Amino acid sequence: MEKIEVIRHSAAHILAAAVCKVYDNVKFDIGPATDEGFYYDFDLPHRLSTDDFPAIETEMKAIIAANLPFERLEVSRAEAQNMFAGQPYKLDRLADIPEGQTVSIYKTGAYIDLCRGPHVASTGEIGAIRLTAVAGSYYRGDEKNKMLQRVYGIAAATQTELDEIVNRIEEAKKRDHRRIGKELELFTITDDVGPGLAHWLPKGARIRVAIEDYWRKEHFRAGYEMLFTPHVGRAQLWQTSGHLGFYKDGMFPNMNVTEGEGDKSFTEQYYVKPMNCPFHIQAYQARKYSYRDLPLRFAELGTVYRYEKEGVRHGLLRVRGFTQDDAHIFCAPDKIEEEIRFTVKFCLHILHRFGFNDITAYLSTRPEKAVGNPEDWETATASLRNALEAEGLAYQVDEGGGAFYGPKIDMKIKDALGRQWQLGTIQFDFNMPERFDLTYTGEDGKEHRPYMVHRALLGSLERFFGILIEHYAGAFPVWLAPLQVRIMPITDKQLGYAKDLEAKLKALDFRVDVDADNEKIGAKIRKAQLQKIPFMLVIGGREAEAGAVAVRSREEGDKGTMPLEAFIELLREAQQA
RNA sequence: GCCAACUUAGCUCAGCUGGUAGAGCAGCGCAUUCGUAAUGCGCAGGUCAUCGGUUCGAUCCCGAUAGUUGGCUCCA
């Protein structure tokens, strides 16, 4: 265990010791180290809030200043039960320790805790602590259990290190897509329309269009066909697909539509789609396919709605309406290996374009309860595994972690801050083809069941956008930037020339505007920098006279004066990057 | 769904123990015509989330509802 983890875990003990000292009737559970700091779970009559932090921190600092030793004691089960009488959570945890295994406790001053350790030698080794948040947490993470009060904190060997951690957290907050989304006017979610329903504002929409254009172009190149399918479908469709049986709670409630009049009237139920699969299947069933037609690749930027439970929404990362970059591949079993490899390769190609190069795959295999015959699972899983290995992609295996209807690969990327996000998924489905009785005609003239693979590369555009915003901290590369060039005349004498430049660049499909505000050039630059526009053209009398442009880059500052053609060349290059 | 905190102008936030609200930025107007991160002056902008209660009187106290935030649970 790393030293910092030991410090964090020890700080958790000190937190518990302090809380026990400050409040009465404290029952404590456990307090581990986390990636950033530590937490401890308590059950006490007093409702903890951040207002209580100063008192608790003062007590913690006193314990640290006293430099008390962490004493490790090994005791018998009976002794431990005695020590923790009146501590139901501890007794419950004690019961988890297998018979015959040593029961160790750690003593710090008057505070004793059941703990495996290790700990620092004495409290003085914990240089600095700070409590950060209080939150509810179910005992043992089970929502049927009582909710405990969890106090979060951070700890470090020195105050300087603690300050660094605080800074890092602040930096991450500055990148928060919700904050940047507001500052750069990228998207909005309003109370009036409803929670979890995102609106892409003009600048966000420009980015989305750039993403979609690229996505479509690459898909056509890779042999996909595009579909556009309805947003609602009759209850019977969802009955057949099994969604009403399994995922009704995750769907928006039905719409009742009454057709006909009087005695002949009947009421039909419709549901808004939580998935595109049934519709793509309808498209497949629009005609008969032969083995020669396969693999068939149907793609759609399909907007779906899922009634996510309250309390799980988070900006664009978890919404109720979103557009999946979806595709379904219908493939003959003997071609599946090749097709999966092709799909994995394609996925990596797309992710690289967005600056994600650190990619890990997760292979999930057959769970206990599963549909489809075992040989198909075997073939499918092997094709996934072989594709990952052929591409030299690092992967982990989640044995039995697949959905009941098929094995899958999930792709996780690391962003600029090193945080991991799950994006794409390549998922077999042995359920739908059966339910909808999908077939193709084989070489032998007989009907065969195709393999169906569901796949998304970016996941959902909303979520992907949120991740992209944080990854680039709002400073999008030129090809994605909503505005690529801002032209800034120094005085209104250059306005005419500036407008000419704008028209020329627009004619070349660049995204460009003119800042005609009555402001000093310094103010215009500041505005453009804050809006993270990649290129600024400063246009004064000299440039207008020479028919040139003074280029400023978002990252590199003043790049000097050059002819318009030279700038266009520069811009084209930047757009490729 | 659960625990806690929060909700004041387009944005970021003030508002002492109850007497119907302020700033900066953004917006608009006027002046200024300026060379690489903020020119000055002025104007306008609010059902203090919503509903109900207590009170002579509520942005402030109490309750409910909605939403947001941090977690827990969940994520086909």
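None of these values were measured; they are calculated from a predicted model. Below, chains carry the letters A, B, ... as their sequence lines are ordered, and counting in each starts from 1.
- In this structure, B:rU69 forms a base pair with B:rA4, meeting either the Watson-Crick or the G-U wobble geometry with both donor-acceptor distances under 3.5 Å.
- Nucleic acid contact for A:Gly522: sugar-phosphate only, since backbone atoms but no base atoms lie under 4.0 Å from a heavy atom of the residue.
- A:Leu184 has its CG atom 20 Å from the P atom of B:rC25, to the nearest Å.
- A salt bridge links A:Glu470 with A:Arg419: the closest approach of a Lys/Arg side-chain nitrogen to an acidic carboxylate oxygen falls below 4.0 angstrom.
- You'll find that the side chain of A:Arg313 is closest to B:rG67, out of B:rC34, B:rU36, B:rG67.
- In this structure, A:Tyr247 reaches the bases: a heavy-atom distance under 4.0 Å links it to at least one base atom across the strands shown.
- Using a 4.0 Å heavy-atom distance criterion, A:Ile490 is classed as a base contact.
- Between B:rA37, B:rC3, B:rU68, one nucleotide has an atom nearer to the side chain of A:Pro195 than all others, and that is B:rU68.
- When heavy atoms are screened at a 4.0 angstrom cut-off, A:Lys524 is found touching no nucleic acid atom at all.
- Within the 4.0 angstrom heavy-atom criterion, base atoms lie near A:Glu543.
- In this entry the distance linking CZ of A:Phe322 with P of B:rC75 reads 14 Å, nearest Å.
- Aromatic ring pairs are classed by plane angle as parallel below 30°, tilted from 30° to 60° and perpendicular above 60°; the pair A:Tyr40 and A:Phe42 is parallel.
- Within a 6.0 Å sphere centred on CZ of A:Arg130, other residues, nucleotides and ligands contribute 12 heavy atoms or fewer.
- Note on A:Ala528: nothing from the nucleic acid sits closer than 4.0 angstrom, heavy atoms only.
- Rounded to a whole Å, the CG atom of A:Asp191 is 11 Å from the C1' atom of B:rU65.
- B:rA23 and B:rG15 have their P atoms separated by 15 Å, given to the nearest Å.
- Rounded to the nearest Å, the gap between the P atom of B:rC6 and that of B:rC75 is 31 Å.
- Remark: A:Arg320 qualifies as a cation-pi partner of A:Tyr307 under the 6.0 Å distance and 45° angle criteria applied to the six-membered ring.
- Two residues, A:Tyr138 and A:Ile539, neighbour RNA chain B, and the one matched to the more 5' nucleotide by heavy-atom proximity is A:Tyr138.
- Taking atom C1' in both B:rU12 and B:rA31, one finds a spacing of 29 Å when rounded to whole Å.
- Summarising the geometry, the separation between CD on A:Glu519 and P on B:rG40 is reported as 9 Å, rounded to the nearest angstrom.
- Base-pair partner of B:rC60: not found among the strands shown (Watson-Crick or G-U wobble, both distances under 3.5 Å).
- Counted within 6.0 Å of CD on A:Glu545, heavy atoms from surrounding residues, nucleotides or ligands total 12 or fewer; the atom is thus considered open.
- Backbone-only engagement by A:Arg150 is indicated by non-hydrogen atom pairs under 4.0 Å involving sugar-phosphate atoms exclusively.
- Considering only the side chain of A:Arg318, B:rC74 comes nearest among B:rG70, B:rA37, B:rC74.
- Under the ring-ring contact (aromatic ring centres under 6.0 Å, His included) rule, A:Phe330 has a single partner from A:Tyr284, A:Phe428, A:Tyr451, which is A:Tyr284.
- Side-chain proximity of A:Val312 to B:rC74, B:rG35, B:rU33: nearest is B:rC74.
- Along RNA chain B, the nucleotide nearest to A:Ile525 and the one nearest to A:Asp492 differ in position, and the one closer to the 5' end is contacted by A:Asp492.
- Nucleotides B:rC48 and B:rG19, compared at atom C1', are 16 Å apart to the nearest Å.
- Atom CD of A:Gln427 and atom P of B:rA76 are 9 Å apart (whole Å).
- Using the Watson-Crick or G-U wobble rule with both distances under 3.5 Å, B:rG22 pairs with B:rC13.
- Taking atom CE of A:Met488 as the reference point, atom C1' of B:rC34 lies 14 Å away to the nearest angstrom.
- Residue A:Arg47 has a polar side-chain atom (N or O) positioned under 4.0 Å from OP1 or OP2 of B:rA4.
- Rounded to an integer number of Å, the gap from A:Lys309 NZ to B:rA76 C1' is 14 Å.
- Taking atom C1' in both B:rC60 and B:rU8, the straight-line distance is 11 Å, to the nearest Å.
- Base contact: A:Gly540 has a heavy atom under 4.0 Å from a base atom.
- Taking 4.0 angstrom as the limit, A:Lys182 places a side-chain polar atom (N or O) nearer than this to OP1 or OP2 of B:rU12.
- For A:Ile521, the side-chain atoms get nearest to B:rG35 when compared with the rest of B:rG35, B:rG1, B:rC72.
- A:Tyr152 comes within 4.0 angstrom of the backbone, heavy atoms only, and of no base.
- B:rA37 and B:rA5 have their P atoms separated by 46 Å, with the value rounded to a whole Å.
- Between B:rG70 and A:His314, a contact under 4.0 Å exists linking OP1 or OP2 to a side-chain N or O.
- Taking a pair to require two hydrogen-bonding distances under 3.5 Å in either a Watson-Crick or a G-U wobble arrangement, B:rU39 pairs with B:rA31.
- Among the nucleotides B:rU12, B:rU33, B:rA76, the one closest to the side chain of A:Thr491 is B:rU33.
- One P atom belongs to B:rG52, the other to B:rC16, and the distance between them is 26 Å to the nearest Å.
- Between A:Phe465 and A:Phe187, the ring planes lie perpendicular to each other; the angle is over 60°, past the 30° to 60° tilted range.
- With rounding to whole Å, A:Tyr139 atom OH is found 15 Å from B:rC72 atom C1'.
- Side chain of A:Glu57 to main chain of A:Leu131: a donor-acceptor pair is present (N/O by atom type, distance under 3.5 Å, no hydrogens or angles).
- With B:rG67, B:rC72, B:rA76 as the choices, the nucleotide that has an atom nearest any side-chain atom of A:Pro274 turns out to be B:rA76.
- Around atom NZ of A:Lys414, no more than 12 heavy atoms belonging to other residues, nucleotides or ligands sit under 6.0 Å away.
- Distance from the side chain of A:Arg526 is smallest for B:rA38 among the nucleotides B:rC72, B:rA38, B:rU33.
- Taking every side-chain heavy atom of A:Met275 into account, B:rA76 is the closest of B:rA76, B:rG70, B:rG71.
- Nucleic acid contact for A:Gly557: none, since no nucleic acid atom lies under 4.0 Å from a heavy atom of the residue.
- With both ends at atom C1', the span from B:rU59 to B:rA9 equals 14 Å, rounded to whole Å.
- The pairing partner recorded for B:rG46 is none, the criterion being a Watson-Crick or G-U wobble arrangement whose two distances lie under 3.5 angstrom.
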